Number of protein chains: 2
Amino acid sequence: MQTAKTLRMTPQRRVILEELRKVDTHPTADELYEMVRKRLPKVSLGTIYRNLDLLSSDGVIQKLQAGNSQMRFDGNAEPHMHISCIKCGRVADVHSGPDTSALSQEVETDFILLGCTVLLYGICPQCAADGKTSERFTP
Amino acid sequence: MQTAKTLRMTPQRRVILEELRKVDTHPTADELYEMVRKRLPKVSLGTIYRNLDLLSSDGVIQKLQAGNSQMRFDGNAEPHMHISCIKCGRVADVHSGPDTSALSQEVETDFILLGCTVLLYGICPQCAADGKTSERFTP
DNA sequence: CTTGTTGCAAACTCTTTGCACTTAG
DNA sequence: CTAAGTGCAAAGAGTTTGCAACAAG
(Lines give C-alpha, C1' and ligand atoms only; values in the text may rest on other atoms or scores of the structure.)
Protein backbone atom coordinates (compact mmCIF):
# COMPACT_ATOMS: atom_id res chain seq x y z
CA MET A 1 0.00 0.00 0.00
CA GLN A 2 2.98 2.36 0.18
CA THR A 3 5.42 3.68 -2.37
CA ALA A 4 9.05 3.99 -1.43
CA LYS A 5 9.47 6.88 -3.89
CA THR A 6 9.16 10.47 -2.81
CA LEU A 7 6.00 12.03 -4.18
CA ARG A 8 6.84 15.37 -5.75
CA MET A 9 4.23 18.05 -5.39
CA THR A 10 3.61 19.01 -9.00
CA PRO A 11 0.88 21.48 -9.94
CA GLN A 12 -1.06 18.61 -11.51
CA ARG A 13 -0.91 16.50 -8.38
CA ARG A 14 -1.86 19.42 -6.18
CA VAL A 15 -4.85 20.41 -8.29
CA ILE A 16 -6.07 16.81 -8.56
CA LEU A 17 -5.96 16.50 -4.80
CA GLU A 18 -7.58 19.89 -4.24
CA GLU A 19 -10.41 19.21 -6.65
CA LEU A 20 -11.01 15.76 -5.22
CA ARG A 21 -11.15 17.12 -1.69
CA LYS A 22 -13.44 19.92 -2.72
CA VAL A 23 -16.31 17.52 -3.45
CA ASP A 24 -18.08 14.67 -1.69
CA THR A 25 -19.35 13.12 -4.90
CA HIS A 26 -16.71 10.38 -5.19
CA PRO A 27 -15.96 11.22 -8.81
CA THR A 28 -14.74 8.80 -11.46
CA ALA A 29 -11.35 9.41 -13.09
CA ASP A 30 -13.14 10.97 -16.01
CA GLU A 31 -15.23 13.31 -13.91
CA LEU A 32 -12.13 14.40 -12.03
CA TYR A 33 -10.35 14.92 -15.34
CA GLU A 34 -13.04 17.40 -16.36
CA MET A 35 -12.80 19.16 -13.02
CA VAL A 36 -9.03 19.45 -13.18
CA ARG A 37 -9.12 20.49 -16.83
CA LYS A 38 -10.95 23.67 -15.90
CA ARG A 39 -7.86 24.76 -13.99
CA LEU A 40 -5.16 23.01 -16.00
CA PRO A 41 -6.50 22.76 -19.55
CA LYS A 42 -3.51 20.80 -20.82
CA VAL A 43 -3.60 18.02 -18.22
CA SER A 44 -3.88 14.52 -19.64
CA LEU A 45 -6.16 11.72 -18.57
CA GLY A 46 -3.09 9.52 -18.11
CA THR A 47 -1.79 11.94 -15.51
CA ILE A 48 -5.09 11.78 -13.67
CA TYR A 49 -4.96 8.00 -13.59
CA ARG A 50 -1.31 7.89 -12.58
CA ASN A 51 -1.86 10.31 -9.73
CA LEU A 52 -5.02 8.71 -8.45
CA ASP A 53 -3.14 5.44 -8.41
CA LEU A 54 -0.14 6.81 -6.57
CA LEU A 55 -2.21 8.75 -4.10
CA SER A 56 -4.42 5.81 -3.27
CA SER A 57 -1.45 3.47 -3.00
CA ASP A 58 0.00 5.94 -0.54
CA GLY A 59 -3.20 6.01 1.45
CA VAL A 60 -3.74 9.71 0.81
CA ILE A 61 -7.03 9.07 -0.94
CA GLN A 62 -9.33 6.06 -1.42
CA LYS A 63 -10.11 4.16 -4.58
CA LEU A 64 -13.60 2.70 -4.48
CA GLN A 65 -15.28 -0.09 -6.34
CA ALA A 66 -18.86 0.91 -5.98
CA GLY A 67 -20.92 -1.59 -7.88
CA ASN A 68 -20.13 -0.65 -11.46
CA SER A 69 -17.10 -1.17 -13.63
CA GLN A 70 -15.74 2.33 -13.15
CA MET A 71 -13.59 3.18 -10.18
CA ARG A 72 -14.51 6.13 -8.00
CA PHE A 73 -12.29 8.19 -5.74
CA ASP A 74 -12.70 9.60 -2.27
CA GLY A 75 -10.54 12.43 -0.99
CA ASN A 76 -11.25 11.26 2.51
CA ALA A 77 -8.91 8.37 3.29
CA GLU A 78 -10.58 7.55 6.61
CA PRO A 79 -12.33 4.19 6.35
CA HIS A 80 -16.07 4.71 6.22
CA MET A 81 -19.07 3.10 4.59
CA HIS A 82 -20.48 4.09 1.24
CA ILE A 83 -23.83 3.70 -0.37
CA SER A 84 -24.17 3.40 -4.11
CA CYS A 85 -27.21 4.03 -6.29
CA ILE A 86 -27.98 1.03 -8.47
CA LYS A 87 -29.67 3.29 -11.01
CA CYS A 88 -27.26 6.16 -11.57
CA GLY A 89 -24.09 4.94 -9.88
CA ARG A 90 -23.88 7.94 -7.56
CA VAL A 91 -21.97 7.19 -4.35
CA ALA A 92 -22.54 8.83 -0.98
CA ASP A 93 -20.85 8.57 2.37
CA VAL A 94 -22.63 6.87 5.23
CA HIS A 95 -21.74 8.59 8.46
CA SER A 96 -23.96 6.80 10.90
CA GLY A 97 -24.38 3.12 11.54
CA PRO A 98 -22.70 0.35 13.46
CA ASP A 99 -18.99 -0.10 13.90
CA THR A 100 -17.87 -2.31 11.07
CA SER A 101 -14.24 -2.38 12.12
CA ALA A 102 -15.22 -4.79 14.88
CA LEU A 103 -16.61 -7.09 12.21
CA SER A 104 -13.17 -8.32 11.30
CA GLN A 105 -12.57 -9.61 14.78
CA GLU A 106 -15.54 -11.94 14.74
CA VAL A 107 -14.71 -13.75 11.55
CA GLU A 108 -13.26 -17.21 11.10
CA THR A 109 -10.90 -17.51 8.19
CA ASP A 110 -7.53 -18.97 7.29
CA PHE A 111 -6.62 -15.71 5.55
CA ILE A 112 -4.51 -13.08 7.30
CA LEU A 113 -7.23 -10.51 7.77
CA LEU A 114 -6.27 -6.98 6.82
CA GLY A 115 -9.52 -5.10 6.55
CA CYS A 116 -13.04 -4.89 5.39
CA THR A 117 -15.25 -2.75 3.18
CA VAL A 118 -18.97 -2.38 3.46
CA LEU A 119 -20.93 -1.24 0.47
CA LEU A 120 -24.59 -0.51 0.88
CA TYR A 121 -26.70 -0.11 -2.18
CA GLY A 122 -30.06 1.33 -2.98
CA ILE A 123 -31.75 4.12 -4.86
CA CYS A 124 -30.74 7.73 -4.44
CA PRO A 125 -33.32 10.47 -3.81
CA GLN A 126 -32.93 11.85 -7.34
CA CYS A 127 -33.54 8.49 -9.01
CA ALA A 128 -36.38 7.72 -6.61
CA ALA A 129 -38.05 10.92 -7.81
CA ASP A 130 -37.64 10.46 -11.54
CA GLY A 131 -37.49 6.90 -12.84
CA LYS A 132 -34.33 7.42 -14.91
CA THR A 133 -32.45 4.92 -17.02
CA SER A 134 -30.85 2.05 -15.16
CA GLU A 135 -27.13 1.37 -15.01
CA ARG A 136 -25.17 -1.80 -14.60
CA PHE A 137 -24.71 -2.74 -10.99
CA THR A 138 -23.02 -5.61 -9.18
CA PRO A 139 -23.53 -5.93 -5.42
CA MET B 1 -32.75 -7.94 -11.19
CA GLN B 2 -35.12 -10.27 -13.04
CA THR B 3 -35.64 -11.17 -16.66
CA ALA B 4 -39.17 -11.52 -17.98
CA LYS B 5 -37.94 -13.97 -20.63
CA THR B 6 -38.07 -17.69 -20.08
CA LEU B 7 -34.61 -19.10 -19.62
CA ARG B 8 -34.18 -22.12 -21.88
CA MET B 9 -32.01 -24.87 -20.56
CA THR B 10 -29.43 -25.22 -23.30
CA PRO B 11 -26.48 -27.58 -22.92
CA GLN B 12 -24.19 -24.56 -22.64
CA ARG B 13 -26.23 -23.00 -19.87
CA ARG B 14 -26.49 -26.27 -17.99
CA VAL B 15 -22.77 -27.00 -18.17
CA ILE B 16 -21.86 -23.45 -17.14
CA LEU B 17 -24.09 -23.76 -14.12
CA GLU B 18 -22.85 -27.24 -13.27
CA GLU B 19 -19.21 -26.27 -13.52
CA LEU B 20 -19.75 -23.15 -11.47
CA ARG B 21 -21.54 -25.07 -8.76
CA LYS B 22 -18.88 -27.75 -8.73
CA VAL B 23 -16.29 -25.36 -7.32
CA ASP B 24 -16.03 -22.93 -4.44
CA THR B 25 -13.27 -20.90 -6.07
CA HIS B 26 -15.45 -18.07 -7.38
CA PRO B 27 -13.97 -18.25 -10.86
CA THR B 28 -13.66 -15.38 -13.31
CA ALA B 29 -15.49 -15.62 -16.64
CA ASP B 30 -12.26 -16.72 -18.24
CA GLU B 31 -11.57 -19.45 -15.73
CA LEU B 32 -15.09 -20.73 -16.14
CA TYR B 33 -14.66 -20.60 -19.91
CA GLU B 34 -11.70 -22.97 -19.61
CA MET B 35 -13.66 -25.26 -17.32
CA VAL B 36 -16.66 -25.39 -19.63
CA ARG B 37 -14.45 -25.79 -22.69
CA LYS B 38 -13.25 -29.14 -21.42
CA ARG B 39 -16.79 -30.43 -21.80
CA LEU B 40 -18.00 -28.27 -24.68
CA PRO B 41 -14.92 -27.47 -26.75
CA LYS B 42 -16.79 -25.22 -29.15
CA VAL B 43 -18.38 -22.94 -26.56
CA SER B 44 -17.61 -19.25 -27.00
CA LEU B 45 -16.53 -16.76 -24.39
CA GLY B 46 -19.45 -14.56 -25.42
CA THR B 47 -21.83 -17.34 -24.42
CA ILE B 48 -20.14 -17.60 -21.05
CA TYR B 49 -20.56 -13.89 -20.45
CA ARG B 50 -24.14 -13.81 -21.69
CA ASN B 51 -25.13 -16.70 -19.47
CA LEU B 52 -23.36 -15.44 -16.39
CA ASP B 53 -25.15 -12.18 -16.90
CA LEU B 54 -28.57 -13.73 -17.32
CA LEU B 55 -28.11 -16.13 -14.45
CA SER B 56 -26.94 -13.44 -12.07
CA SER B 57 -29.71 -11.08 -13.16
CA ASP B 58 -32.12 -13.87 -12.38
CA GLY B 59 -30.60 -14.36 -8.96
CA VAL B 60 -29.54 -17.92 -9.77
CA ILE B 61 -25.88 -17.11 -9.21
CA GLN B 62 -23.94 -14.15 -7.82
CA LYS B 63 -21.64 -11.78 -9.65
CA LEU B 64 -18.90 -10.49 -7.36
CA GLN B 65 -16.65 -7.51 -7.43
CA ALA B 66 -13.86 -8.72 -5.24
CA GLY B 67 -11.24 -6.04 -5.19
CA ASN B 68 -9.82 -6.35 -8.69
CA SER B 69 -11.11 -5.31 -12.06
CA GLN B 70 -12.28 -8.78 -13.07
CA MET B 71 -15.68 -10.02 -12.03
CA ARG B 72 -15.96 -13.32 -10.22
CA PHE B 73 -18.92 -15.64 -9.98
CA ASP B 74 -20.45 -17.62 -7.16
CA GLY B 75 -22.76 -20.55 -7.80
CA ASN B 76 -24.24 -19.99 -4.37
CA ALA B 77 -26.78 -17.20 -4.62
CA GLU B 78 -27.37 -16.97 -0.85
CA PRO B 79 -25.97 -13.68 0.44
CA HIS B 80 -22.80 -14.32 2.40
CA MET B 81 -19.51 -12.58 3.04
CA HIS B 82 -16.39 -13.07 0.97
CA ILE B 83 -12.76 -12.57 1.64
CA SER B 84 -10.36 -11.68 -1.12
CA CYS B 85 -6.60 -12.08 -1.23
CA ILE B 86 -4.90 -8.80 -2.07
CA LYS B 87 -1.93 -10.69 -3.52
CA CYS B 88 -3.42 -13.33 -5.79
CA GLY B 89 -7.06 -12.25 -6.06
CA ARG B 90 -8.37 -15.58 -4.80
CA VAL B 91 -11.81 -15.29 -3.18
CA ALA B 92 -13.15 -17.47 -0.39
CA ASP B 93 -16.46 -17.68 1.39
CA VAL B 94 -16.74 -16.55 4.98
CA HIS B 95 -19.21 -18.74 6.78
CA SER B 96 -18.88 -17.45 10.31
CA GLY B 97 -19.12 -13.96 11.64
CA PRO B 98 -21.73 -11.45 12.69
CA ASP B 99 -25.03 -10.88 10.98
CA THR B 100 -24.47 -8.17 8.43
CA SER B 101 -28.04 -8.10 7.24
CA ALA B 102 -28.96 -6.23 10.40
CA LEU B 103 -26.43 -3.60 9.44
CA SER B 104 -28.77 -2.05 6.93
CA GLN B 105 -31.33 -1.29 9.61
CA GLU B 106 -28.99 0.86 11.66
CA VAL B 107 -27.93 3.18 8.90
CA GLU B 108 -29.01 6.76 8.29
CA THR B 109 -29.30 7.66 4.65
CA ASP B 110 -31.60 9.43 2.24
CA PHE B 111 -31.22 6.54 -0.20
CA ILE B 112 -33.83 3.80 -0.42
CA LEU B 113 -31.74 1.02 1.08
CA LEU B 114 -31.85 -2.25 -0.81
CA GLY B 115 -28.95 -4.26 0.51
CA CYS B 116 -25.38 -4.46 1.55
CA THR B 117 -22.22 -6.35 0.68
CA VAL B 118 -19.28 -6.95 2.95
CA LEU B 119 -15.90 -7.68 1.46
CA LEU B 120 -13.09 -8.66 3.75
CA TYR B 121 -9.58 -8.65 2.43
CA GLY B 122 -6.30 -10.08 3.49
CA ILE B 123 -3.66 -12.59 2.48
CA CYS B 124 -4.54 -16.18 1.67
CA PRO B 125 -2.63 -19.10 3.20
CA GLN B 126 -0.85 -19.86 -0.07
CA CYS B 127 0.40 -16.30 -0.53
CA ALA B 128 1.31 -16.06 3.14
CA ALA B 129 3.55 -19.10 2.63
CA ASP B 130 5.32 -18.02 -0.55
CA GLY B 131 5.72 -14.31 -1.14
CA LYS B 132 4.37 -14.33 -4.70
CA THR B 133 3.89 -11.42 -7.07
CA SER B 134 1.33 -8.86 -6.04
CA GLU B 135 -1.87 -8.10 -7.93
CA ARG B 136 -3.94 -4.98 -8.23
CA PHE B 137 -6.41 -4.61 -5.39
CA THR B 138 -8.99 -2.01 -4.49
CA PRO B 139 -10.77 -2.28 -1.15
C1' DC C 1 22.00 17.41 -11.84
C1' DT C 2 18.91 13.46 -11.15
C1' DT C 3 14.95 11.22 -10.91
C1' DG C 4 10.16 11.67 -10.78
C1' DT C 5 6.45 13.50 -13.70
C1' DT C 6 4.02 14.93 -17.79
C1' DG C 7 1.40 14.83 -22.39
C1' DC C 8 0.39 12.09 -26.02
C1' DA C 9 -1.05 8.23 -28.27
C1' DA C 10 -1.02 3.59 -28.73
C1' DA C 11 -1.84 -0.70 -26.38
C1' DC C 12 -4.32 -3.65 -23.28
C1' DT C 13 -7.86 -6.12 -20.64
C1' DC C 14 -12.19 -7.37 -19.78
C1' DT C 15 -16.75 -7.31 -21.44
C1' DT C 16 -20.43 -6.43 -24.69
C1' DT C 17 -22.72 -6.76 -29.19
C1' DG C 18 -24.38 -7.45 -34.20
C1' DC C 19 -25.33 -10.91 -37.17
C1' DA C 20 -26.66 -15.05 -39.39
C1' DC C 21 -27.48 -19.63 -38.01
C1' DT C 22 -29.26 -23.08 -34.72
C1' DT C 23 -32.38 -25.12 -31.35
C1' DA C 24 -35.45 -25.80 -27.18
C1' DG C 25 -40.03 -25.95 -26.02
C1' DC D 1 -42.92 -22.85 -35.66
C1' DT D 2 -40.69 -19.02 -33.24
C1' DA D 3 -38.44 -16.69 -29.81
C1' DA D 4 -34.33 -17.53 -27.27
C1' DG D 5 -29.62 -18.91 -27.60
C1' DT D 6 -25.16 -19.69 -30.03
C1' DG D 7 -20.42 -18.92 -32.29
C1' DC D 8 -17.72 -15.69 -34.22
C1' DA D 9 -15.46 -11.64 -34.73
C1' DA D 10 -15.50 -6.93 -34.20
C1' DA D 11 -16.35 -3.07 -31.16
C1' DG D 12 -16.49 -0.79 -26.68
C1' DA D 13 -15.31 1.11 -22.13
C1' DG D 14 -12.05 1.98 -18.85
C1' DT D 15 -7.41 1.91 -17.69
C1' DT D 16 -2.45 1.36 -18.40
C1' DT D 17 2.00 2.24 -20.55
C1' DG D 18 6.25 3.55 -23.60
C1' DC D 19 8.51 7.41 -24.80
C1' DA D 20 10.76 11.79 -25.25
C1' DA D 21 10.49 16.20 -23.20
C1' DC D 22 10.09 18.64 -18.79
C1' DA D 23 10.75 20.24 -13.99
C1' DA D 24 10.94 19.60 -8.71
C1' DG D 25 14.08 19.26 -5.15
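Naming convention: chains lettered A, B, ... in sequence-line order (proteins, then strands); numbering from 1 in each chain. Keep in mind that this is a model prediction, so the values were computed, not measured.
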(message) Any carboxylate oxygen within less than 4.0 angstrom of a Lys/Arg side-chain nitrogen, looking at B:E18 and B:R39?
(response) yes

(message) What's the closest nucleotide to the side chain of B:R50 if the choices are C:dG18, D:dG25, C:dT16?
(response) C:dG18

(message) If I compare all heavy atoms of B:H26 with all of B:V91, which pair ends up nearest, and what's the gap?
(response) ND1-O, 2.9 Å

(request) Return the minimal non-hydrogen interatomic distance between B:I48 and B:A29, and the atom names on each side. (result) CG2-O, 3.7 Å

(request) Check whether any side-chain nitrogen or oxygen of A:T6 sits under 4.0 Å from OP1 or OP2 of C:dT3, and answer yes or no. (result) no

(request) Measure up the B:H95 and B:H80 rings against each other and bin them: parallel (under 30°), tilted (30 to 60°), perpendicular (over 60°). (result) parallel

(message) Counting only side-chain nitrogens and oxygens, does A:N68 get under 4.0 Å of the OP1 or OP2 atom of D:dG14?
(response) no

(message) Rounded to whole Å, please give me the gap between CG in A:L54 and C1' in C:dT3.
(response) 14 Å

(request) Round to a whole Å and report the spacing from CG of B:L45 to P of D:dG5. (result) 18 Å

(message) Can you measure A:L55 atom CG to C:dT6 atom P for me and round it to whole angstrom units?
(response) 10 Å

(request) Describe the nucleic acid contact of A:D30 in one word from base, sugar-phosphate, nothing, applying a heavy-atom distance below 4.0 Å. (result) nothing

(request) Using atom CG of A:L52 as one end and atom C1' of D:dT16 as the other, report the distance to the nearest whole Å. (result) 13 Å

(request) Nearest 0.5 Å please: distance from the CZ atom of B:F73 over to the CG atom of B:L20. (result) 8.5 Å

(message) Judged by each residue's nearest nucleotide on DNA chain C, which is more toward the 5′ side, B:R8 or A:T10?
(response) A:T10

(message) Tell me the closest heavy-atom pair linking B:D53 and B:S56, and the distance in Å.
(response) O-OG, 3.2 Å

(request) Find the distance between CD (A:Q65) and OG (B:S69) and round it off to the nearest 0.5 Å. (result) 8.0 Å

(message) Rounding to an integer number of Å, can you tell me how far A:L7 CG sits from D:dA23 C1'?
(response) 16 Å

All N/O contacts under 3.5 Å from nucleotides 9-14 of chain C to the protein, with atom names and distances to one decimal?
| from | atom 1 | to | atom 2 | distance (Å) |
| --- | --- | --- | --- | --- |
| C:dC14 | OP1 | B:Q70 | NE2 | 3.0 |

(message) It should be established whether A:Q12 places a side-chain nitrogen or oxygen under 4.0 Å from OP1 or OP2 of nucleotide D:dA23.
(response) no

(request) Find the distance B:L40:CG to C:dT22:P and express it as a whole number of Å. (result) 18 Å

(request) For B:I48 and C:dT16, give me the distance from atom CD1 to atom C1', rounded to whole Å. (result) 15 Å

(request) Report the nucleotide, chosen from C:dT15, C:dC8, D:dT16, that has the shortest atom-to-atom distance to any side-chain atom of A:D53. (result) D:dT16

(message) Expressed as a whole number of angstroms, how long is the span from A:K63:NZ to D:dG14:P?
(response) 15 Å

